[in-house]
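Everything on this sheet refers to the single structure shown next.
None of the values given here were measured: they were computed from a predicted structure. FYI, the numbering just counts along the sequence from 1.
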Amino acid sequence: MLFKAATQKNIIFPLLLLKVLLFVQMFQHNKIGAFLLLVAILCSFLALFLRYEFQIDKDTLTYRTYILRLKVYQKTVKPMDIKKIVFKRLSWKAKLAIVRVEKGWNMRISLFNPPNVFKELETFAGENNVDIQKTSDYKLLEKTS
């Protein structure tokens with residue numbers, strides 16, 4: 001099953017505006033600092049167009065990152081490469097799953113749609129004998145939802 005997420009634009013956009021105002025102010029006094037701030041502005045602007053996909057297949061987990069339509073990162077993991085899956089609480093009502101892998105970066109799964117990604121991930125772990133760890137905060141969230 002395929003799950004999708006995007007960046008939280010309500011956080012990035014105000015910071016981008018602030019950086020632009022700082023750039024205008026700094027350009028008059030410090031050219032090197034203005035250049036570094038310009039690079040930060042460009043990175044923040046590109047972050048507005050980030051998209052994430054997480055796919056759960058029968059025997060693999062695939063995590064992809066896109067900027068616009070360009071795929072910039074992809075990681076596919078088989079069950080034998082997974083150490084464990086840790087379920088945590090991200091915020092007041094948001095859940096987080098971290099797929100800890102043997103080699104490379106761990107996969108952080110949160111704010112994906114549809115929200116049944118955690119149940120599907122739990123089912124995947126059960127079918128493939130992957131260890132699961134749930135924090136007490138996560139268990140509280142499970143009871144309320």
Side-chain angles (χ1 to χ4, degrees), residues 1-135 137-138 141-142 145:
M1 183 169 205
L2 182 66
F3 302 93
K4 296 183 178 188
T7 56
Q8 294 182 331
K9 292 170 180 53
N10 57 347
I11 294 173
I12 294 177
F13 192 70
L15 291 175
L16 181 62
L17 292 176
L18 180 64
K19 288 177 187 175
V20 169
L21 291 174
L22 286 172
F23 173 75
V24 170
Q25 188 71 16
M26 189 174 278
F27 187 74
Q28 298 169 356
H29 304 290
N30 184 356
K31 303 291 183 191
I32 295 173
F35 174 75
L36 293 175
L37 195 56
L38 184 61
V39 171
I41 289 170
L42 291 175
C43 290
S44 296
F45 182 72
L46 286 177
L48 288 171
F49 301 105
L50 280 175
R51 278 187 313 117
Y52 307 96
E53 288 182 354
F54 180 63
Q55 186 169 359
I56 300 175
D57 293 322
K58 185 176 182 180
D59 59 345
T60 59
L61 298 177
T62 305
Y63 189 89
R64 295 181 202 97
T65 303
Y66 296 91
I67 295 179
L68 295 172
R69 292 178 185 237
L70 177 69
K71 186 185 336 178
V72 293
Y73 179 75
Q74 177 174 336
K75 182 170 189 165
T76 302
V77 177
K78 296 192 179 287
M80 62 190 115
D81 298 330
I82 299 173
K83 291 181 192 176
K84 65 180 174 180
I85 300 175
V86 180
F87 292 93
K88 296 181 175 185
R89 183 181 194 161
L90 180 64
S91 65
W92 187 254
K93 291 179 85 175
K95 297 176 183 178
L96 166 72
I98 302 174
V99 180
R100 303 215 184 252
V101 294
E102 295 290 335
K103 293 182 180 178
W105 292 341
N106 298 328
M107 296 179 188
R108 292 177 53 95
I109 311 302
S110 64
L111 304 174
F112 277 85
N113 289 320
N116 66 337
V117 63
F118 301 104
K119 291 187 190 245
E120 293 287 332
L121 198 54
E122 226 176 302
T123 304
F124 173 84
E127 291 173 354
N128 295 292
N129 297 324
V130 175
D131 291 336
I132 291 178
Q133 178 185 348
K134 293 182 182 181
T135 63
D137 286 339
Y138 182 84
L141 277 178
E142 273 187 323
S145 59

Closest non-hydrogen atoms of Lys75 and Met107, given as atom of the first, atom of the second and distance, are O-CE, 3.7 Å
Next on the checklist: Tell me the closest heavy-atom pair linking Glu120 and Ile56, and the distance in Å.
Outcome noted: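 Reported closest heavy-atom pair: CB-CD1, 3.7 Å.
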Are side-chain heavy atoms of [X] and [Y] found at a separation under 4.5 Å?
X: Val117; Y: Ile109; answer: yes
X: Phe124; Y: Pro79; answer: yes
X: Lys83; Y: Asp131; answer: no
X: Lys71; Y: Arg51; answer: no
X: Leu61; Y: Leu121; answer: yes
X: Leu90; Y: Arg108; answer: yes
X: Phe54; Y: Leu2; answer: no

Spacing of [atom1] belonging to [X] relative to [atom2] belonging to [Y], to within rounding of 0.5 Å:
X: Leu50; Y: Leu68; atom1: CG; atom2: CG; value: 9.0 Å
X: Thr135; Y: Leu141; atom1: OG1; atom2: CG; value: 8.0 Å
X: Gln74; Y: Arg64; atom1: CD; atom2: CZ; value: 5.0 Å
X: Glu53; Y: Thr65; atom1: CD; atom2: OG1; value: 9.5 Å
X: Lys78; Y: Asp57; atom1: NZ; atom2: CG; value: 9.5 Å
X: Phe118; Y: Ile85; atom1: CZ; atom2: CD1; value: 11.5 Å

- Task: Answer yes or no: are there more than 12 heavy-atom neighbours, outside Lys134 itself, under 6.0 Å from its atom NZ?
- Result: yes
If you draw a 6.0 Å radius around OH in Tyr73, do more than 12 non-hydrogen atoms from other residues or ligands fall strictly inside?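 Enclosed.
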Next on the checklist: Whether the side chain of Lys4 engages the backbone of Tyr52 through a donor-acceptor N/O pair (distance < 3.5 Å, no angle test) should be reported.
Outcome noted: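 Not confirmed, Lys4 side chain does not pair with Tyr52 backbone.
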Query - Asn128 side chain vs Asp59 backbone, donor-acceptor pair below 3.5 Å - result: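 Judged by distance alone, no pair lies under 3.5 Å.
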- Verdict with supporting geometry, Asp81 and Lys103, side chain to side chain contact (heavy atoms under 4.5 Å, CB included): CA-CA 8 Å; Asp81 298 330; Lys103 293 182 180 178; over 6 Å; no
task = Using the six-membered ring wherever Trp is involved, compare the ring planes of Tyr138 and Phe87 and label them parallel, tilted or perpendicular (cut-offs 30° and 60°).
result = tilted
Worked verdict on Lys84 versus Ile132 for side chain to side chain contact (heavy atoms under 4.5 Å, CB included)
CA-CA 6 Å; Lys84 65 180 174 180; Ile132 291 178; over 6 Å; no
Taking the six-membered ring of Trp92 (Phe, Tyr or Trp), confirm whether the NZ or CZ of Arg89 is under 6.0 Å from its centre and within 45° of its axis.
yes
(request) Please step through side chain to side chain contact (heavy atoms under 4.5 Å, CB included) for the pair Lys95 and Glu142, ending with a clear verdict. (result) CA-CA 9 Å; Lys95 297 176 183 178; Glu142 273 187 323; 4.2 Å; yes
- Go through Val99 and Asn106 one step at a time and tell me if the side chain to side chain contact (heavy atoms under 4.5 Å, CB included) criterion holds. CA-CA 6 Å; Val99 180; Asn106 298 328; over 6 Å; no
* When you look at Glu127 and Lys58, which way does the salt bridge (charged side-chain N to carboxylate O under 4.0 Å, His left out) test go after all the steps? -> CA-CA 9 Å; Glu127 291 173 354; Lys58 185 176 182 180; over 6 Å; no
